[in-house]
Amino acid sequence: MIDLKKLEVWFITGSQHLYGEETLKKVSEHSKEIAKFFNTSKEISISIIFKPIVTTPEEILAVCKEVNASTNCIGIITWMHTFSPAKMWINGLKILQKPLLHLHTQFNRDIPWNDIDMDFMNLNQSAHGDREFGFIVSRLRMERKVVVGYWKDESTIKSIDVWSRAAAGWNDWQGAKFVRFGDNMRYVAVTDGDKVEAEYKFGFSVNTHGIGDLVKVIDAISDTKVDALIEEYESTYILTASLQKKGKQRESLKDAAKIELGLKAFLEDGNYKGFTDTFEDLYGMVQLPGIAAQRMMQAGYGFAGEGDWKTVALVRAMKIMGEGLKGGNSFMEDYTYHFEPKNEMVLGAHMLEICASIADGKPLCAIHPLGIGGKADPVRLIFNVAGGDALNASMIDMGNRFRLLVNEVEAIKPKHKLPKLPVARVLWKPKPDMKTGCAAWIYAGGAHHTCYSQNLTSEHLQDFAAMANIEFVLIDKNTNLYQLKNELRWNELAYRKS
Ligand code: MN
């Protein structure tokens, strides 16, 4: 999907000329060593590039201009090995357009109790140097992530990777194009929103094509290509009898493959990173894209049903953020509940379109009637999803701002076969518990559509929201409704001016 190592985070160390050349030489050496350590760490997925230390307002402004102009640079890490008077940083930070991580570390882990002298004190000043830098970032009201800890500590490295992945997702949105086939599902509120504001705030554009434009591309797909894709289906999935060679619905499998190839061609040709469709507008299409949407998502495209372009974009960003991590990310919908006392849970699914990246085992490729939309039976992949930590994320438009809402959940290994349910499904228990989790979600206005993630944490999404400079609300093991309602009420004031 994307080679994260091609993306760069620049490591920029601040200092000043007060301490003499010898100290600056050491600052530079140490800084190089830290950047190299991060860059070669297997735990950090993005390249961390050392940049010459900065000691004057002119150098700081120049490097910030360079950051903005660089295509590969997706953000910067700053660190003040010594004191770096922060008025020097104002003009640089003022124009900085990329995410900022402020690393509050120290080159020496321990105080050398027997040898500590004033030279050591001159060099190892992060404890107060980083506070001076922190003040100016706060004074400029800039969003950033502050990571505290010794640079070789596992938790420090982990936080840098989380933030870097969020920055990769954010970078991917800049200039991204998403396409809608048809409009939103009629009358639905939460999936709609302000596309102009989204483009301004998030950097991606969403534009519509009539379904006929897509149908034209689908119709032009050759039989040879369709046959090749069907071979891939056969080797990747367990095909239900009626879809196998000489099966009575084999033609429907060909239709589904043709839809997938058409969609792929359309997206590649238009340089789109994701799409949405709606069962209400399928003129000229034989069936609703089921397996096509599932496989396109697995290939890295954003997708959501019913014209839900915000979730399309979120699914795409989360796929970029989770690149290379075990587990997957999928479009999801809270579908139905199990209210058994002390064992309450949610069954998540959609009509068809759950991404195969979260499948546990080999999916079954099957065909069943849809019940809505009045088209031919769509082909879909059916599978269960493993238990473990996961989350649901929802991007909503509150009218005066976007809110990214996250609920941490515990996915439950399915105990039942659900033989009559012909869709991919997930079971989870919302945190902190079913009643609080669901009530909190509803108070916060969370959508029924989400991106379900097995490999991202709420920290990834919190960092991502900070980069987008939007509201972030978390429902986790510590949530209580009294506090959450107050948080929402207070956020209403905090965002009133923006
Ligand atoms: Mn839906």
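Because only heavy atoms are used, hydrogens play no part in the values below, and waters and symmetry mates are left out as well, while side chains stay in. Numbers here are sequence positions counted from 1. Just follow the structure's listing: the first ligand is 1, and inside any ligand the first atom is 1.
- Angle subtended at the Mn ion (ligand 1) by H449 NE2 and E306 OE1: 80°, rounded to 10 degrees.
- The aromatic rings of Y237 and Y233 sit tilted, their planes meeting at an angle between 30° and 60°.
- Salt bridge E260/K225: absent, no basic N to carboxylate O contact under 4.0 Å.
- Classified by interplanar angle (parallel below 30°, tilted 30° to 60°, perpendicular above 60°), the ring pair F266/Y272 is parallel.
- Distance check for H448 against the Mn ion (ligand 1): none of its N/O/S atoms falls below 2.8 Å.
- E280 contributes a side-chain N or O that, together with a main-chain N or O of R186, makes up a donor-acceptor pair within less than 3.5 Å.
- Between the Mn ion (ligand 1) and E333 there is an N/O/S contact shorter than 2.8 Å.
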